[in-house]
Amino acid sequence: MAVDETLISKYFNWSDAKIVAFQKALLEWYDREGRQLPWRVDHDPYHVFVSEIMLQQTQVQTVIPYYLDFIASFPTVGELASAPESKLLKAWEGLGYYSRVRNMQKAAQQIMRDYAGQWPTTAAKLQTLTGIGPYTAAAIASIAFNQPIAAIDGNAFRVFARLLKIDLDISKSQTRPVFQAIGDRLISVARPGDFNQAIMDLGTSYLTAKQPDAEHSPVRDFDESLADGTTLAYPVKTKKAKPIDFYYYALAIQSPEGWLFEQRPTKGMLARLWMLPLIDRDDLTTSDPKEVLAELSTLFQQETEIHAEFHEVEMKPVIHTFTHQKWHIQIVQAKLTSTPNLSLFSGKWLSLAAIAEAPLPTVQLKLNQQLFV
DNA sequence: GATCCGTGGTG
DNA sequence: TCACCAAGGAT
C-alpha cells in the first residue's frame with residue numbers, strides 16, 4: 001500500500017499546474033480524435049465489464065465482433081449469470097484465454113448473489129470479483145462510476161514509462177504500485193474514465209510499441225524520453241521464453257454415429273473445449289511410422305474389440321503455436337463399420353452438426369479444415 | 001513471484 | 001520462420 005515516496009519522486013515531481021496542463025492537452029485531443037467504439041456508446045457497467053474482459057491481452061479489432069455478438073446473446077448481467085457454459089464457450093470460440101469467460105460468469109453470479117444485481121462502485125470491491133484484477137477494477141470504477149483511479153494496462157505502462165523515463169522493469173510485480181501511484185496523481189478527477197481511455201488511445205496511436213510517432217503526440221511537450229531521443233528505450237521489460245515443442249497424433253476416428261471427440265479437462269490448456277483425442281508421441285514405444293499405426297490400432301482394439309485400421313493421412317502436420325507451447329500434430333484416420341462402446345477415450349461421437357455446435361479451440365478448427373473440407 | 005493461459009497481426 | 005506485441009488475472 002505505502003509506496004516508497006522517494007522512489008516516486010525520483011520519476012515524478014510535476015507541479016499541480018503542469019498536471020492540469022497535461023490533462024487539458026490529453027483530454028482536448030481525446031475529445032477531438034478519440035476512437036468511436038461499440039462499448040463507448042454508454043457507461044453501463046455491464047458493457048464496460050464485458051469489453052474490458054474481452055480486451056485483456058486482445059486487440060480492439062479482434063474484440064469488436066465478439067463484443068457485439070456477446071451483448072446481443074447475453075444482454076444483462078443476470079442473463080450471463082444463468083447462461084449454460086457451452087453457450088458461453090461457443091460465444092468465446094477463437095478469442096483465446098477461455099478461463100476469462102468462465103470467470104466472467106462467476107463474477108456475474110457474485111453480482112446477482114452478493115450484490116442483488118447492483119454493481120459495486122469502488123475498485124476495491126470490484127477486484128474481489130473473479131477475473132477482475134487491479135487493471136479491470138480500475139477501468140470499470142473510473143469509466144462506469146467516475147472513480148479517480150488510474151487503469152494501468154500495457155498502454156499506461158508504456159505511455160507513463162516514456163513520458164517520465166521510468167526505467168523500472170514493467171514485467172516485475174513490484175513495479176505496478178509505482179505506476180499506480182503516479183497515474184493516480186496524474187488522473188483527471190473531473191473525467192477519470194475519459195482520462196484512462198485517452199491514455200490507451202494514445203498508446204495505440206502516437207505512442208505505439210514499435211513505430212511510435214512521439215514528436216506529433218498531443219502530449220509531446222510533456223514527453224521526457226522524446227526530449228532526449230530515447231523513446232524506444234521505454235518501457236523496460238524482460239523477454240519471454242520461447243514456446244516448447246510438443247508432438248502429437250490426432251486420432252480422427254469415424255463411426256456411423258460420427259467422429260470421436262473428447263472434452264478437455266477442467267483445468268489447463270483449452271479447458272473444457274472439444275478436440276480430437278491427442279496421443280503424445282512420447283507415450284508410444286516407437287517412432288517408426290508403421291509401428292506407430294500398429295500400436296494405435298492395438299490400443300484401440302483393446303477397448304473395443306472392433307477392428308480399427310489406422311492410416312496416416314497424406315497431409316502436412318498441423319502446427320499451432322500458443323504463448324508457451326508449439327504443437328506439431330499428425331492426423332491419423334480410422335473408419336469403423338460399427339460404433340463401439342467407449343472407455344479408453346472418455347469422448348463422444350459427434351455428427352458434423354454437433355461438431356459445428358461444440359466450442360472448439362482454433363487448433364481444432366485447423367484440424368477440421370484438413371478433415372472436413 | 002514466476003508460470004500458465006490463446007490468438008492474430010507485424011516487421 | 002521468428003520475436004514481439006495486444007485494454008491481464010489466477011495460481
Side-chain angles (χ1 to χ4, degrees), chain A residues 34-35 37-40 47-67 89 92-104 106-107 126-140 142-143 150-159 169-177 179-180 183 193 195-205 207-212 232 235 237-245 264-273 275 319-328 359-366:
Chain A
R35 290 173 291 181
L37 297 169
W39 46 87
R40 287 181 177 176
H47 294 165
V48 178
F49 167 64
V50 172
S51 67
E52 292 300 340
I53 299 294
M54 286 187 168
L55 286 161
Q56 290 169 4
Q57 299 291 282
T58 310
Q59 299 192 124
V60 164
Q61 293 310 313
T62 302
V63 164
I64 289 175
Y66 282 93
Y67 173 82
L89 284 173
W92 212 265
E93 183 181 274
L95 200 50
Y97 287 141
Y98 298 94
S99 64
R100 286 185 291 175
V101 70
R102 285 191 300 275
N103 288 339
M104 211 164 67
K106 288 181 187 172
L126 287 164
Q127 204 177 325
T128 67
L129 302 172
T130 306
I132 295 183
Y135 162 73
T136 306
I140 298 173
S142 63
I143 298 170
I152 306 299
D153 70 332
N155 289 304
F157 273 121
R158 186 172 58 257
V159 169
D169 186 339
I170 66 168
S171 60
K172 297 201 176 299
S173 52
Q174 317 95 279
T175 300
R176 170 177 290 275
F179 279 75
Q180 184 71 56
F195 178 94
N196 281 330
Q197 294 183 92
I199 293 293
M200 296 183 224
D201 280 18
L202 190 59
T204 60
S205 56
L207 293 181
T208 59
K210 289 184 178 178
Q211 295 188 319
L232 289 176
K237 181 160 56 170
T238 54
K239 296 177 181 175
K240 292 176 181 176
K242 281 201 298 189
I244 302 169
D245 291 297
R264 294 182 56 84
T266 308
K267 295 186 176 181
M269 291 270 293
L270 310 177
R272 300 186 64 73
L273 277 71
M275 284 197 71
I319 298 176
H320 188 80
T321 304
F322 302 90
T323 305
H324 293 283
Q325 297 183 12
K326 185 174 182 179
W327 287 6
H328 306 253
L360 311 177
T362 295
V363 62
Q364 179 59 49
L365 297 177
K366 289 184 183 177

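Chain naming here is simple, since letters A, B, ... match the order of the sequence lines and numbering starts at 1 in each.
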State whether [X] places a side-chain N or O below 4.0 Å from either non-bridging phosphate oxygen (OP1 or OP2) of [N].
X	N	answer
A/Tyr66	B/dT7	no
A/Thr362	B/dT7	yes
A/His320	B/dT7	yes

What's [X] touching, base or sugar-phosphate or nothing? Going by heavy atoms closer than 4.0 Å.
X	value
A/Met200	base
A/Glu93	nothing
A/Gly203	nothing
A/Trp39	base
A/Ile319	nothing
A/Arg40	base
A/Ala139	nothing
A/Arg102	nothing
A/Ile132	sugar-phosphate
A/Ser51	nothing

Margin query: Pick the closest DNA chain C nucleotide for A/Gln59 and for A/Gly131 by heavy atoms, then say which residue is nearer the 5' end.
Written below: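 Result: A/Gln59.
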Note to self: If you assign A/Leu360 and A/Lys210 each to the DNA chain B nucleotide with the nearest heavy atom, which residue ends up on the more 5' nucleotide?
What the structure shows: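 The 5'-side residue here is A/Leu360.
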Margin query: Given 3.5 Å as the limit, does a donor-acceptor pair link the side chain of A/Arg100 with the main chain of A/Gln56, or not?
Written below: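 Looks like yes, one N/O pair under 3.5 Å.
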Item checked: Donor/acceptor link under 3.5 angstrom from A/Thr58 side chain onto base of B/dG8 ->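 Result: no qualifying N/O pair found.
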Note to self: Quick check for you: name the first and last nucleotides of DNA chain C, 5' to 3', having an atom under 4.0 Å from a heavy atom of chain A.
What the structure shows: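 In short, chain A contacts DNA chain C from C/dC2 to C/dA10.
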